[in-house]
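As structure tokens, the structure follows; a few thoughts come after it.
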Amino acid sequence: MIESLLVANRGEIARRIIRTGRRLGIRTIAVHSEADGALPFVTEADEAVCVGPANPAQSYRNVEAILEAARSTGAQAIHPGYGFLSENADFARTVEGSGLIWVGPGADAITAMGDKINARNLMAAAGVPVAPGTTEPAADLDAAVAAAAEIGYPVMVKAAAGGGGMGMGVAADEAALRTEYDKVRAFAERMFGDGSVLIERYFPRVRHVEVQILGLADGRVVALGERECSVQRRNQKLVEESPSPAVSPELRERFLTAAVRAGEAVNYRNAGTVECLLDPSTQEFFFLEMNTRLQVEHPVTEYVYGVDLVEEQLRVAAGLAPTFDPDALAPRGHAIELRINAEDPKRFLPGPGAITTWNEPAGAGVRVDSGYVAGNTVTPFYDSLMAKLIVSGDTREEAVERARAAVAQFEIAGPKCNLPFFAELLENPEFLSGDYDTGIVSRMR
């Protein structure tokens with residue numbers, strides 16, 4: 001097993017990785033910005049190195065500073081978490097080229113899946129269902145208009161280099177397409193350094209369902225069930241649950257088969273997620289993207305399948321067999337994750353600030369993965385995620401009941417917080433029925 005691990009991330013995910021590392025007897029090293037020096041992940045690691053100012057470009061995305069921290073502390077491996085450099089193929093290559101172990105998929109797989117058009121084409125060739133759309137970037141507005149006319153409105157205008165719900169727009173007609181194309185292209189150039197845009201069929205009522213895959217050290221790819229991720233604001237997830245209430249055993253088998261095929265098509269190793277859109281009216285699903293990293297919502301899979309995905313990542317990176325029998329994977333019970341963000345519960349606008357009260361819920365079937373404690377400050381420099389509240393039960397109904405109680409018990413004061421939104425959602429008839437889609441939040445507002 002790996003003996004020393006540098007965690008190239010911050011907040012709750014850094015703390016989460018450190019927790020598993022310490023359980024396995026691995027020496028853990030945290031890197032942090034000047035703004036994050038007082039956060040729990042820094043003190044819980046065996047060692048900590050400040051890698052720069054608050055600006056992520058000068059700290060958490062500063063490749064040379066992170067590699068120097070690894071060299072100076074004698075780290076054997078680097079785990080990138082999610083976000084920041086986690087899906088940066090050049091960083092993965094640099095890490096391995098420096099003689100360190102990269103806890104993630106190979107750089108070639110990251111590259112292949114990083115471009116959404118290339119990924120679509122690869123998946124189609126592998127027999128994975130893809131939505132009608134362009135097979136190459138729309139070179140200009142006229143090409144986008146022509147493509148949309150062939151696909152049929154409404155269409156999704158999407159940054160080819162984007163991900164995580166960023167760089168997307170919907171056009172119901174040509175006039176809207178002309179506006180959205182320019183908007184998405186400009187955003188993509190600014191955020192991703194690549195203004196390439198693809199056009200896809202847009203499904204007005206759709207569910208977002210994803211499959212957790214794990215590429216094992218022996219070359220096999222296995223699927224650890226699906227997660228429902230349809231409670232979203234601005235195309236970004238707020239709630240995830242496993243298993244999906246929309247997926248029958250027969251549909252699950254089709255999802256898992258397609259996800260394994262997707263992983264095999266790029267010789268995938270380590271943890272990844274195949275994201276899909278599900279049309280509930282036809283039970284058809286379409287490949288959306290592959291996230292070549294650990295997902296924010298991985299804890300719900302851990303509950304339902306009884307695995308520690310971070311441990312499995314470390315074992316794959318070390319060339320070891322998994323702790324579970326790949327031929328005997330079976331879900332058990334139900335789990336729900338709520339993303340506790342520093343944002344107002346109505347318009348979901350960020351509201352950072354000093355935390356004056358922080359009391360976490362506890363009890364059977366309740367887990368909190370948090371990045372903060374009372375006395376810390378949520379700064380405006382990073383994502384607004386403060387904690388993940390994960391609940392589990394033998395049934396979905398039991399998990400929902402535990403979620404209600406846990407939300408009521410969770411006390412946070414200082415920054416704005418979206419806990420009141422979750423209290424509302426957990427009483428919403430549409431959510432309670434399980435028959436909801438990605439429009440649920442907009443209908444609540």
Side-chain angles (χ1 to χ4, degrees), residues 5-19 21-22 28-73 75 78-88 91 95 163-164 166 190-193 234 236 293-294 296 339-344 348-360 368-389 410-419:
L5 177 69
L6 184 143
V7 183
N9 218 292
R10 64 178 298 279
E12 69 83 17
I13 190 58
R15 201 177 183 191
R16 159 75 188 88
I17 295 165
I18 289 166
R19 184 171 71 243
R22 294 184 71 178
T28 57
I29 301 125
V31 294
H32 65 92
S33 70
E34 293 171 357
D36 282 347
L39 295 190
F41 80 94
V42 176
T43 57
E44 290 174 357
D46 294 302
E47 297 181 57
V49 179
C50 181
V51 288
N55 184 341
Q58 298 175 283
S59 52
Y60 296 109
R61 290 196 180 99
N62 186 335
V63 171
E64 186 48 48
I66 290 171
L67 290 176
E68 176 55 34
R71 287 191 289 266
S72 67
T73 58
I78 292 181
H79 193 310
Y82 54 72
F84 295 130
L85 294 168
S86 63
E87 293 182 281
N88 185 312
F91 181 56
V95 167
M166 302 175 67
R190 184 173 70 254
M191 292 296 295
F192 311 122
R234 296 189 295 276
Q236 294 179 315
R293 54 172 168 78
L294 188 67
V296 177
R339 300 193 188 192
I340 313 302
N341 296 331
E343 61 186 26
D344 78 78
F348 306 111
L349 298 177
I355 300 172
T356 56
T357 301
W358 184 280
N359 293 318
E360 297 178 1
V368 179
D369 284 9
S370 61
Y372 299 87
V373 295
N376 292 155
T377 297
V378 181
T379 66
F381 306 113
Y382 314 111
D383 187 89
S384 63
L385 181 67
M386 294 188 289
K388 301 181 312 201
L389 172 59
F410 211 146
E411 295 180 304
I412 300 175
K416 292 180 180 178
C417 182
N418 62 350
L419 279 168

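The structure presented is a predicted model; accordingly, all values stated were derived computationally and were not measured.
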Item checked: Residue of the set Val7, Leu5, Ile13 for which side-chain contact (heavy atoms from CB on, under 4.5 Å) holds with Ile18 -> Val7
Item checked: Side-chain touch Phe410/Trp358, heavy atoms, less than 4.5 angstrom -> yes
Check: If every non-hydrogen atom of Pro352 is compared with every non-hydrogen atom of Pro350, which pair is closest and at what distance?
Finding: CD-C, 3.7 Å
Next item on the list: First locate atom CG of Asp383, then atom CZ of Arg10, and finally report the distance between them rounded to the nearest 0.5 Å.
Entry: 8.5 Å
Item checked: Closest non-hydrogen atom pair, Val31 against Ala69 -> CG1-CB, 3.9 Å
Checklist line | Arg71 bridged to Glu68 by N-O distance under 4.0 Å | finding: yes
Check: Any side-chain heavy atom of Leu85 within less than 4.5 Å of one from Tyr60?
Finding: no
Item checked: Thr28 OG1 to Asp46 CG distance, which is reported to the nearest 0.5 Å -> 4.0 Å
Check: Are the side chain of Asn341 and the backbone N or O of Glu343 linked by a donor-acceptor pair below 3.5 Å?
Finding: no
Margin query: Test of understanding: with side-chain hydrogen bond (donor to acceptor under 3.5 Å, both in side chains), list the residues that count as partners of Glu47, not counting sequence neighbours.
Written below: Arg27
Next item on the list: Could you tell me whether the side chain of Ser59 reaches within less than 4.5 Å of the side chain of Val51, counting heavy atoms only?
Entry: yes
Check: Within the side chain of Asp344, is there an N or O that forms a donor-acceptor pair under 3.5 Å with the backbone of Lys416?
Finding: no
Notebook entry, point to check: Can you tell me how far CD1 of Ile29 sits from NE2 of His79, rounded to the nearest 0.5 angstrom?
Noted result: 14.0 Å
Item checked: Flag, side chain of Tyr382 to backbone of Pro56, donor-acceptor distance under 3.5 Å -> no
Notebook entry, point to check: CG/Asp369 to CG/Leu385 distance, rounded to the nearest 0.5 angstrom?
Noted result: 9.5 Å
Next item on the list: Taking the side chain as every heavy atom from C-beta outward, state whether Gln236 and Met166 have any pair of such atoms under 4.5 Å apart.
Entry: yes
Notebook entry, point to check: Around Arg22, counting heavy atoms of other residues, nucleotides and ligands shown, do more than 12 lie under 6.0 Å from its CZ?
Noted result: no
Margin query: Return the OH to CG distance between Tyr372 and Asp36, rounded to the nearest 0.5 Å.
Written below: 6.5 Å
Note to self: If you define the side chain from C-beta out and look only at heavy atoms, does anything of Cys417 sit under 4.5 Å from Met386?
What the structure shows: yes
Checklist line | Side-chain (Asn418) to main-chain (Arg339) donor-acceptor, under 3.5 angstrom | finding: yes
Margin query: When you compare the side chain of Val378 with that of Ile355, does any pair of heavy atoms fall below 4.5 Å?
Written below: yes
Note to self: To check you understand the geometry: which heavy-atom pair defines the closest contact between Asn359 and Thr357, and what is its length?
What the structure shows: ND2-CG2, 3.7 Å
Notebook entry, point to check: Do you know the tightest heavy-atom contact between Val42 and Ala30?
Noted result: CA-CB, 4.3 Å
Next item on the list: State, yes or no, whether a side-chain contact exists between Cys50 and His32 at a heavy-atom distance under 4.5 Å.
Entry: yes
Next item on the list: Would you name the heavy atoms of Gly353 and Pro415 that are closest together and state the gap between them?
Entry: N-CB, 3.8 Å
Checklist line | Main-chain N/O of Ala413 paired to Thr356 side chain as donor or acceptor, under 3.5 Å | finding: yes
Notebook entry, point to check: Under 3.5 Å, side chain of Arg15 to main-chain N/O of Ser370, donor-acceptor pair present?
Noted result: yes
Next item on the list: Write down the atom of Gly83, the atom of Asn9, and the distance for their closest heavy-atom approach.
Entry: O-ND2, 4.3 Å
Check: Do side-chain atoms of Asn88 reach the backbone of Phe91 as a donor and acceptor pair under 3.5 angstrom?
Finding: yes
Next item on the list: With the side chain counted from C-beta on, respond yes when Ile340 and Ile412 share a heavy-atom pair under 4.5 Å apart, and no when they do not.
Entry: yes
